[in-house]
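Have a look at the structure below before the remarks.
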Number of protein chains: 2
Amino acid sequence: MFNFKQPFNFASAMSKTELTEKQLAIMETAEKLIADNGYDGTSIRDIAHAADVNVAMISYYFGSKEKLLQAIFERRTEYWRTNLESLIEDKSVGSFEKIYKLIDNYVEKIFNQTCFHRIMAQQQMTNEDSPIKDLILETKKGNQELIKRLIQSGQKKGDFKKNVDTALMMTTMMGTINQLLTTQHHYKVLNNLQDLSEEEFQKQIKKKLSTHLKAIFKAILQNEE
Amino acid sequence: MFNFKQPFNFASAMSKTELTEKQLAIMETAEKLIADNGYDGTSIRDIAHAADVNVAMISYYFGSKEKLLQAIFERRTEYWRTNLESLIEDKSVGSFEKIYKLIDNYVEKIFNQTCFHRIMAQQQMTNEDSPIKDLILETKKGNQELIKRLIQSGQKKGDFKKNVDTALMMTTMMGTINQLLTTQHHYKVLNNLQDLSEEEFQKQIKKKLSTHLKAIFKAILQNEE
DNA sequence: TAAAATTAAACAAACGTTTAATTGAGATTG
DNA sequence: CAATCTCAATTAAACGTTTGTTTAATTTTA
């Protein structure tokens with residue numbers, strides 16, 4: 001007899017289904033590998049082997065290599081804004097306190113997802129347009145809009161200087177964090193911290209970075225009249 | 001008759017020869033392409049086509065794709081330190097003036113070689129050891145040592161604070177510059193500057209960036225006793 | 001027993017590199 | 001001065017791998 005059975009295609013059937021354990025395992029393995037070796041430097045076979053699944057499973061679940069990356073981005077960018085919104089509205093928190101909390105929030109979030117943010121830094125560098133770059137730009141636009149409002153409210157209260165270049169300020173924050181993220185090893189070597197355990201080093205660097213950024217933001221924002 | 005003629009191998013014959021026009025053309029084309037699409041995202045055929053030479057010429061001149069990248073790095077890192085040395089020794093220049101000159105120097109150099117520095121930023125991100133990463137680390141080590149001396153001399157004169165984290169300070173400088181370099185387009189969009197000519201934009205951004213960094217460094221370094 | 005998950009194998013295209021043959025310009029020769 | 005020789009420069013074609021993706025068959029699950 002003939003067999004008319006159609007092959008099932010998961011990728012095209014998946015619209016907003018929950019992610020299975022296996023899909024998550026693939027995504028997290030891919031995150032680590034791509035962060036280390038770059039998107040083009042990581043093959044589907046590398047990922048499949050490290051995640052201990054068949055090569056075909058990646059196309060089966062995600063459709064393609066690029067869509068896998070997109071899935072990673074969608075997962076990680078989902079919960080960015082939410083708690084920023086509430087911070088801005090909170091009337092019981094002072095202007096500088098808000099900024100400080102913002103910094104802690106960024107540092108904490110980024111250092112809790114180092115692999116993903118290293119990938120984001122990579123992707124920002126490429127010069128081709130892509131859905132992912134659009135996603136990054138939209139996220140950034142939203143964030144910067146929120147922060148602009150935060151600063152404007154501080155200016156109205158007389159706490160902050162006028163004429164603050166928000167974009168340049170955010171560039172310094174993201175730039176400093178990214179630079180530290182991508183050159184952690186250099187930082188370790190240059191400061192003779194190789195003996196520290198990875199965990200201890202992360203803890204120290206997060207604290208130092210936070211303090212450092214707060215001092216910078218204070219200097220940029222503080223009204224000295 | 002038999003032909004015993006050995007093929008000439010340029011790559012292994014070249015030790016410290018001057019670069020020909022053609023080699024320079026290849027290197028500069030490669031710089032642009034790799035900056036835009038990444039090292040693994042750029043094929044030898046892409047480079048050869050853009051530089052209008054045969055694919056084999058690249059292996060012929062440089063030996064391999066990786067050695068081409070190395071040649072680019074050697075060309076660009078050659079003249080980094082020289083004029084920093086003299087700046088530090090100069091007794092007629094004040095502590096802050098020296099720092100400001102240092103900043104201008106970095107901004108100017110990096111923005112005059114944007115493609116190369118975008119490649120450098122890419123390479124710093126990868127997690128594999130390579131001769132190129134070693135070269136970057138050595139250059140950084142040397143620079144940081146010089147800057148440490150610059151700061152220590154300012155501290156002795158009582159101009160600068162004690163307990164300055166030089167590495168973190170440099171991280172902020174390089175991070176801010178790199179971030180701006182890699183997200184110039186985002187910066188343009190986020191600040192509605194799309195109408196400016198590229199040249200005018202570069203000029204403006206260099207000036208703004210310089211001022212911005214000087215303000216930050218002043219805040220970090222200034223002794224307030 | 002039907003649908004979904006998983007597999008090994010195959011696919012064409014692109015990759016970095018090498019080969020072997022040809023071209024071209026300058027030196028050497030008759 | 002023309003002919004010859006020499007060797008670097010240049011070429012098209014081929015090399016063996018690796019790439020992302022698809023196929024068709026098999027196993028698992030319910």
Side-chain angles (χ1 to χ4, degrees), chain A residues 1-15 17-27 29-30 33-34 37-72 128 130-132, chain B residues 1-15 17-27 29-30 33-34 37-72 128 130-132:
Chain A
M1 285 291 288
F2 298 109
N3 185 356
F4 288 113
K5 189 170 53 172
Q6 286 283 60
F8 180 76
N9 186 326
F10 193 99
S12 61
M14 172 181 67
S15 54
T17 1
E18 289 301 303
L19 294 166
T20 68
E21 269 183 58
K22 207 155 210 169
Q23 290 175 75
L24 270 174
I26 292 171
M27 285 165 77
T29 310
L33 288 178
I34 295 174
N37 312 330
Y39 176 76
D40 289 308
T42 309
S43 75
I44 288 228
R45 281 173 180 80
D46 290 339
I47 297 168
H49 182 257
D52 203 26
V53 297
N54 190 281
V55 233
M57 294 307 289
I58 290 172
S59 299
Y60 178 70
Y61 275 132
F62 299 96
S64 70
K65 188 187 179 186
E66 202 178 343
K67 280 182 188 158
L68 166 61
L69 187 63
Q70 251 176 276
I72 291 171
E128 24 170 347
S130 70
I132 286 167
Chain B
M1 284 293 286
F2 297 109
N3 187 357
F4 288 112
K5 188 169 57 171
Q6 287 282 57
F8 180 76
N9 186 327
F10 193 99
S12 60
M14 173 181 67
S15 55
T17 1
E18 288 301 303
L19 295 165
T20 68
E21 270 183 59
K22 208 155 212 169
Q23 291 175 74
L24 271 174
I26 293 172
M27 286 166 77
T29 309
L33 288 178
I34 295 174
N37 313 335
Y39 177 75
D40 289 308
T42 309
S43 75
I44 288 231
R45 281 173 180 81
D46 291 339
I47 298 169
H49 182 257
D52 202 28
V53 298
N54 190 281
V55 235
M57 293 308 289
I58 290 171
S59 298
Y60 177 72
Y61 275 131
F62 299 97
S64 70
K65 189 187 178 186
E66 203 178 342
K67 279 182 190 159
L68 166 60
L69 187 63
Q70 251 177 274
I72 292 171
E128 25 169 346
S130 69
I132 286 167

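Here is how names work: the chains are called A, B, and so on, in the same order as the sequence lines, proteins then strands, and each is numbered from 1.
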What integer distance in Å separates Ile34(A):CD1 from dG20(D):C1'? 13 Å
Under 4.0 Å from OP1 or OP2 of dT6(C): is there any side-chain N or O of Lys22(A) that close? yes
Using a heavy-atom cut-off of 4.0 Å across all strands, would you classify Ser43(A) as base, sugar-phosphate, or nothing? sugar-phosphate
Given atom NE2 of His49(B) and atom C1' of dT11(D), what is their separation to the nearest angstrom? 16 Å
Passing candidate, side chain to side chain contact (heavy atoms under 4.5 Å, CB included) with Ile26(B), options Ile72(B), Leu68(B), Leu19(B): Leu68(B)
So which atom in Thr42(B) and which in Leu33(B) form the shortest heavy-atom distance, rounded to 0.1 Å? OG1-O, 3.3 Å
Between P on dG20(D) and OH on Tyr60(A), what's the gap in Å once rounded to a whole number? 21 Å
Ile58(A) has an atom CD1; how far is it from atom C1' of dT7(C), in whole Å? 14 Å
Just the rounded figure in Å: distance from P of dT21(D) to CD1 of Ile47(A). 10 Å
Given that Thr20(B) and Ala56(B) both sit by DNA chain D, which one's nearest nucleotide is further toward the 5' end? Thr20(B)
How many whole angstroms separate atom CZ of Arg45(B) from atom C1' of dA13(C)? 11 Å
I need the CG-P distance between Asn54(B) and dT10(D), as an integer number of Å. 10 Å
Whole angstrom is fine here: how far is it from CD1 in Ile44(A) over to C1' in dT22(D)? 12 Å
Steps toward side-chain contact (heavy atoms from CB on, under 4.5 Å) verdict (Phe62(A), Gln70(A)): CA-CA 9 Å; Phe62(A) 299 96; Gln70(A) 251 176 276; over 6 Å; no
When rounded to the nearest 0.5 angstrom, what distance separates CG in Asn54(B) from CZ in Arg45(B)? 10.0 Å
